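Scroll down for the structure; my scribbles are underneath it.
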Amino acid sequence: MAAFARRKAQRLARPDPSRKRTLDARAAGLVRLLNARERFCTTSSCDGRVVLADTDGTGIQKKNCTWLLVTHDPCVKGDVMTALEKATGDVVFKFEPFVLHVLCQELQDAQMLHSVAVDSGFRNSGITVGRGGKITMAVRSTHCLEVPLSHKGRLMVSEEYIEFLVHVANQKMEENIRRIDRFHKGLELALEAAVPADTLSPEGPEKSHSVYVHRRKRRTAQEQANLSGELKPQDDTESSLDLFAEIMI
């Protein structure tokens with residue numbers, strides 16, 4: 001526990017590495033909720049965005065790209081068309097959904113987060129265990145969008161098609177917001193129900209661990225029944241990593 005506490009303190013002391021140097025509005029509440037618990041430490045997050053990126057055509061977008069437009073809210077065709085006037089290379093229109101990475105003190109903590117994330121619609125979420133036993137839980141989904149619009153500064157699609165893309169991206173943004181809200185509510189309930197082992201010491205660590213797991217499983221089953229009814233049919237096609245998490249344990 002001491003090693004995790006030191007790692008968390010070091011991580012939270014670092015400056016925000018993102019371009020905007022601050023948390024996204026919708027992700028901020030989740031980040032604060034998790035970091036207020038000693039067993040969790042967030043490392044990166046994005047609450048979902050629409051991006052118009054101008055690249056040099058090499059395919060390495062992160063190294064050789066200029067953002068012509070970025071918004072974390074629904075966008076309009078006019079803003080996209082105005083941004084395209086500045087294009088000089090290969091422009092890609094993208095919708096990127098919510099993503100959150102969390103360091104967890106123990107595997108059972110990561111599994112609890114994973115269960116809530118999957119129940120909320122983030123079916124591409126997963127758990128990794130790195131060197132030294134570092135446990136990371138990634139909240140992800142697959143409802144992204146990436147479409148090329150221009151080549152060497154020349155627009156390759158019609159305005160009508162761009163209007164259609166904006167409509168599709170805005171629909172994905174709305175669904176993304178709904179999933180974030182479900183995740184936030186489900187996480188609050190799961191954290192309230194889960195009793196960490198280090199807060200139940202009178203009966204010994206073995207007994208405390210048992211209470212943590214049993215209460216978490218009981219509440220998770222109830223929330224799964226409630227939250228799964230809100231999910232759309234398209235969510236069922238995304239890959240679930242529940243089995244992976246169970247096998248690791």
Side-chain angles (χ1 to χ4, degrees), residues 1 4 7-8 11 26-27 29-48 96-144 175-198 209-232 234-249:
M1 291 189 296
F4 183 84
R7 183 182 298 139
K8 178 175 181 176
R11 171 69 66 171
R26 295 187 190 94
L30 282 164
V31 169
R32 287 193 291 266
L33 177 64
L34 286 166
N35 287 335
R37 304 286 178 131
E38 63 182 14
R39 307 177 73 84
F40 304 102
C41 176
T42 62
T43 60
S44 65
S45 64
C46 176
D47 62 13
E96 299 174 335
F98 173 78
V99 63
L100 175 68
H101 293 91
V102 187
L103 290 178
C104 303
Q105 184 170 298
E106 296 183 16
L107 190 57
Q108 69 216 37
D109 303 319
Q111 188 184 23
M112 182 270 286
L113 289 184
H114 179 266
S115 179
V116 176
V118 171
D119 290 344
S120 303
F122 296 103
R123 295 297 183 92
N124 201 36
S125 299
I127 301 169
T128 60
V129 180
R131 295 179 178 178
K134 184 171 70 173
I135 303 167
T136 303
M137 163 60 194
V139 182
R140 299 180 300 240
S141 65
T142 58
H143 72 299
C144 18
E175 173 61 21
N176 182 68
I177 293 171
R178 285 192 290 268
R179 293 184 187 189
I180 293 173
D181 289 341
R182 289 200 296 267
F183 181 59
H184 199 154
K185 292 175 183 177
L187 183 58
E188 287 179 325
L189 291 170
L191 289 174
E192 179 184 350
V195 181
D198 52 20
H209 175 79
S210 176
V211 173
Y212 178 98
V213 174
H214 290 168
R215 289 193 60 184
R216 173 177 56 78
K217 286 186 176 180
R218 188 162 58 245
R219 193 55 175 264
T220 299
Q222 295 173 356
E223 292 309 315
Q224 183 174 1
N226 294 333
L227 292 172
S228 60
E230 299 178 350
L231 299 180
K232 295 186 177 181
Q234 67 188 34
D235 289 326
D236 295 334
T237 62
E238 298 184 16
S239 60
S240 172
L241 299 183
D242 275 330
L243 181 60
F244 172 70
E246 294 293 340
I247 291 175
M248 291 183 64
I249 291 180

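Note that this is a predicted model, so its numbers are computed, not measured.
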Decide side chain to side chain contact (heavy atoms under 4.5 Å, CB included) for D181 and R26; before the verdict, give the C-alpha distance in whole Å, the side-chain angles of both, and the deciding distance to 0.1 Å.
CA-CA 9 Å; D181 289 341; R26 295 187 190 94; over 6 Å; no
Is there a donor-acceptor contact under 3.5 Å from the side chain of [X] to the main chain of [Y]?
X: R179; Y: G121; answer: yes
X: N176; Y: F98; answer: yes
X: S125; Y: R140; answer: yes

Output the distance between atom [atom1] ([X]) and atom [atom2] ([Y]), rounded to the nearest 0.5 Å.
X: Q105; Y: R7; atom1: CD; atom2: CZ; result: 10.0 Å
X: D119; Y: H114; atom1: CG; atom2: NE2; result: 9.5 Å
X: L187; Y: S120; atom1: CG; atom2: OG; result: 8.5 Å
X: L103; Y: D109; atom1: CG; atom2: CG; result: 11.5 Å
X: M137; Y: L34; atom1: CE; atom2: CG; result: 10.0 Å
X: Q108; Y: L113; atom1: CD; atom2: CG; result: 11.5 Å

Heavy-atom pair with the smallest gap, counting every atom of [X] and [Y]:
X: A190; Y: V116; result: CB-CG2, 3.7 Å
X: F4; Y: C41; result: CZ-N, 4.2 Å
X: H184; Y: G29; result: CE1-C, 3.8 Å

If the condition is side chain to side chain contact (heavy atoms under 4.5 Å, CB included), which residues does V31 pass it with, not counting sequence neighbours?
L23, N35, T42, S45, L100
For R32, what residues pass the side chain to side chain contact (heavy atoms under 4.5 Å, CB included) criterion, not counting sequence neighbours?
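In terms of side chain to side chain contact (heavy atoms under 4.5 Å, CB included), with neighbours along the sequence ignored, R32 is linked to A28.
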Determine, for E175 against R178, whether the closest basic-nitrogen to carboxylate-oxygen distance falls under 4.0 angstrom.
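R178 and E175: salt-bridged.
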Non-neighbouring partners of S44 that pass side-chain hydrogen bond (donor to acceptor under 3.5 Å, both in side chains), sequence neighbours left out:
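Once residues adjacent in sequence are excluded, the partners of S44 under the side-chain hydrogen bond (donor to acceptor under 3.5 Å, both in side chains) criterion are H101.
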Name the orientation class of the two ring planes belonging to F183 and F122 (parallel below 30°, tilted from 30 to 60°, perpendicular beyond 60°).
perpendicular
